[in-house]
Amino acid sequence: MLLSVSGLALEFGADLVFEGLNYTVDRGDRVALVGINGAGKTSLMRIMTGELEPSRGSVTRASGVRVGYLPQQLGEFPEGPLLDAVCRCVGEAVEALDRQKAILHSLSASGEGEGVLLDELASVQDSIEATGAYNLHNRAEAVLFGLGFTGDDLGKPMSEFSGGWRMRAMLGALILEDPDLLLLDEPTNHLDLDARIWLEEFLGRFRGAVWLISHDPAFLDSTVNRVYELEYGSMTVWSGNWSFYEKKKMEDIRHREREARKVEDQRERMERFVRRFQAAESKRFQVRSRLKMLEKLETIETYRSPGRMKVRLPETPRSGRKVLTMEGVSKLYDHMVFQGVDLEIESGDRVGVVGRNGGGKSTLSRIMAGVEAPTSGTVKTGANVMIGYYSQEVDLALNPGRTVLQQLSDISPERSEKELRSFLGGFLFTGDDVEKPVGVLSGGEKSRVALARVMLLPTNFLILDEPTNHLDIFSRRVLAEALDEYRGTLVLISHDENLLRTLARRILVVDGGRVKPFTGGFDDFVEKRRRGVSESLGSGKPRAVSPGRAGDKERKRREAQERNRLYRKRSRVEQRIRLIEKEMAPLEKRKAEIEALLAAPGLPGGSGRIIELQKEHAFVAREILQLEERCMEAVEEAP
């Protein structure tokens, strides 16, 4: 046992966050801590570290247990070159090396107290070996490379790195400390796909216990074997990974609802009997018996669903076949981001863009959207292309002084306040929430406002740069379902594995100054990256695989094949519909012309001409009807 929690409760003023929590943490545990925003997940982790005092209850740690905690927000971190700063965080190893240096200096300077110094030196030597201090720099380099840093980064001052890269450095330092218990709050927020895969593989080999807060279902499925759910102030423990928890929770919800209906039916029957016979002397014993049974009848609490985002995309206007063409495109800042990009995107394409953070994915999206010009080359959009662009830099897309409601009315002034409020309700902004200035909103709330702005107007070409950042698991799923139904063209830049697996039909890799298509599907891309990461971590004990893992992989492969089959079928059907509509257009035009001629007074040619037009009208109408029937057959064939 590493840590034990008993009777834990937390209150903020009059608000009860949770109470009555009891659990233990053992070496080897892999736990996902889940719950809606505000359920108390981060607060519970801070209590486990000792940073926050609970209102009631106790946390007991085993002697010598070391707890490592990665918060959502960057905390204090040493300055100086990256590699040195990360190594200085491993205090025990650094202290042991510093003490060894001091002892050796004392021994060379004077022979006094040599016996005592030699004894201390032996103890320090044990500490150095236990902490791996001699190869600390080598281990630090391996960890930093795994998290996406390059050899050139190791000597850069920490001040030159963005907040996201500083968070990676902080995660690297935490891994190097090799604690007994790792508490990670949203560790994948600032990681690209390669770094996230590396972290998955590392956690699979980690010998201690791990607790994770994450909104990434694929990451949780790969790393945890238990789910602790904080909901409405209490904790429920579920065995298995995220997918298993989700399945079992739905079964539990349905079971509770069935049992609750049975109890209510029983209650209603007994109350009806009491009302009917309570005045009848001959039935007084039966009535009394029913009343006692009613007092003992248990009330089964059914599931109270928290608010869920609802995304309604407007009708998709039709665009030309060629949506976007890039020829010889390059982008240069103080360095070459990419060059020689030749790319063509057609109507209905679904493109996933992947690559390391800082490689140029967001720059590519801005050039595609027309927000930024290329240094050289040409970018052309096709006929009737209407672009919707979501930038991960949401603060730049929003005016902090404008309210949530004003953010939407600014781009759609013709809509009524009632319409806009109704639309914002789907993004979880209700009542007075819509009057809040954007500047006071959380990161997740700002993301929802920015998404609402993109989804409000009709588009046929969506370019989305990390749209799931700051969204919870349930909102991510709602967004994925809405985008899966979207009939326009989609370019998706994301490290969200589930989102890419669901939506991407083509993969573009931005890497090493190039934008290259990947031959194969997204699962093939992930598997290739995973093999590379596994090899980079070196040989050793194979990563533990849960019994259902191989089956999950096969299931995901089959699901991907089925999605691709349905996509191809839907594409063929949509092509047939477009051809039918193209064939129908001149007929409908001619039908309208004939009707106009027949309706006009004094038609030249007299009755003979009228009969001729009526025959032609009947023929054209039959042709249109046959084409409409073919169109309906095609629609019914659509998956």
Side-chain angles (χ1 to χ4, degrees), residues 1-36 38-73 75-76 89-93 95-96 123 126-127 130-132 170-171 173-187 202-214 220 223-242 245 544:
M1 188 273 289
L2 300 176
L3 182 144
S4 175
V5 165
S6 177
L8 206 65
L10 181 65
E11 297 169 349
F12 290 131
D15 295 328
L16 176 69
V17 182
F18 50 72
E19 66 177 343
L21 304 192
N22 301 283
Y23 58 88
T24 59
V25 178
D26 297 309
R27 193 173 296 279
D29 281 356
R30 296 292 185 271
V31 172
L33 183 59
V34 305
I36 63 170
K41 303 185 296 295
T42 296
S43 296
L44 180 58
M45 276 198 173
R46 291 180 62 209
I47 289 172
M48 291 168 73
T49 67
E51 285 185 17
L52 181 66
E53 283 295 320
S55 303
R56 293 183 297 281
S58 62
V59 177
T60 306
R61 296 174 189 81
S63 176
V65 165
R66 293 170 300 129
V67 179
Y69 173 51
L70 180 77
Q72 279 192 49
Q73 303 300 323
E76 291 185 11
C89 290
V90 190
E92 193 177 344
E95 287 171 11
S123 175
D126 290 340
S127 296
T131 58
M170 191 172 180
L171 174 59
L174 196 62
I175 288 170
L176 276 177
E177 287 186 66
D178 195 28
D180 302 292
L181 169 60
L182 263 176
L183 304 175
L184 305 178
D185 193 349
E186 296 291 357
F202 168 80
L203 293 177
R205 291 167 163 81
F206 181 63
R207 293 168 298 177
V210 180
W211 275 49
L212 294 165
I213 298 172
S214 176
L220 294 179
T223 50
V224 306
N225 54 28
R226 270 187 292 172
V227 174
Y228 284 32
E229 180 183 37
L230 277 176
E231 190 172 49
Y232 300 114
S234 61
M235 179 180 278
T236 308
V237 178
W238 307 77
S239 295
N241 61 13
W242 167 265
Y245 147 77

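Please read these numbers as outputs of a predicted model, since none were measured by experiment. Just so it is clear, the values below take in all heavy atoms, side chains as well, and ignore hydrogens, waters and symmetry mates.
- V17 has its side chain out of reach of D15: every pair of non-hydrogen atoms, C-beta onward, lies at least 4.5 Å apart.
- For K41 (side chain) and I213 (main-chain N/O), no donor-acceptor pair under 3.5 Å exists by modelled atom type.
- Between R46 and D185, no side-chain nitrogen of the basic residue sits less than 4.0 Å from a carboxylate oxygen of the acidic one, so the salt-bridge criterion is not met.
- Between W242 and V224 the shortest heavy-atom distance is N-CG2, 4.3 Å.
- Once rounded to the nearest 0.5 Å, the distance linking CZ of R30 with CG of L182 reads 8.5 Å.
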Under the side-chain contact (heavy atoms from CB on, under 4.5 Å) rule, what do Y23 and M235 come out as? Steps first, then yes or no, please. CA-CA 10 Å; Y23 58 88; M235 179 180 278; 3.9 Å; yes
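- Between W211 and Y228, the ring centre distance stays below 6.0 Å.
- In this structure the side chain of D29 never reaches within 4.5 angstrom of the side chain of V210, judged on heavy atoms.
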Could you walk me through whether L52 and M45 pass the side-chain contact (heavy atoms from CB on, under 4.5 Å) check? CA-CA 9 Å; L52 181 66; M45 276 198 173; over 6 Å; no
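- Using a 4.5 Å cut-off on side-chain heavy atoms (C-beta onward), L174 and L184 make contact.
- Residues A39 and F18 approach most closely at O-CD2, 4.1 Å, considering heavy atoms.
- If you take CG on L70 and CD1 on I175, they are separated by 9.0 Å, rounding to the nearest 0.5 Å.
- The shortest distance between side-chain heavy atoms of L8 and I47 falls below 4.5 Å.
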Stepwise side-chain contact (heavy atoms from CB on, under 4.5 Å) check, F12 with S43: CA-CA 11 Å; F12 290 131; S43 296; 4.0 Å; yes
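- The two residues L212 and P187 come nearest to each other via the heavy atoms CD2-CG, 4.0 Å.
- Of all heavy-atom pairs spanning P179 and V67, the tightest one is CB-C, 4.1 Å.
- Looking at heavy atoms from C-beta onward, S6 lies out of side-chain contact with T60 at the 4.5 angstrom threshold.
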Step by step, would you call D180 with R207 a side-chain contact (heavy atoms from CB on, under 4.5 Å)? CA-CA 8 Å; D180 302 292; R207 293 168 298 177; over 6 Å; no
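- Annotation: side chain of L44 is in contact with side chain of L33 (closest heavy-atom distance under 4.5 Å).
- From Y245, atom OH reaches atom CD of E229 across 3.5 Å, with rounding to the nearest 0.5 Å.
- In this structure a side-chain-to-backbone donor-acceptor pair under 3.5 Å is missing from T24 to S4.
- Expressed to the nearest 0.5 Å, how far OG of S214 lies from CG of L220 amounts to 4.5 Å.
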What do the steps show when you test R56 against E19 for salt bridge (charged side-chain N to carboxylate O under 4.0 Å, His left out), and what is the final call? CA-CA 8 Å; R56 293 183 297 281; E19 66 177 343; 3.7 Å; yes
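- Within the 3.5 Å criterion, the main-chain N or O of M1 finds no donor-acceptor partner in the side chain of R27.
- At least one donor-acceptor pair under 3.5 Å links the side chain of R66 to the backbone N or O of E177.
- With rounding to the nearest 0.5 angstrom, the CZ atom of F202 is 8.5 Å from the CG atom of L171.
- Note that CG of L21 and CG of L10 are 9.0 Å apart. Values are rounded to the nearest 0.5 Å.
- Looking at heavy atoms from C-beta onward, R61 lies out of side-chain contact with L2 at the 4.5 angstrom threshold.
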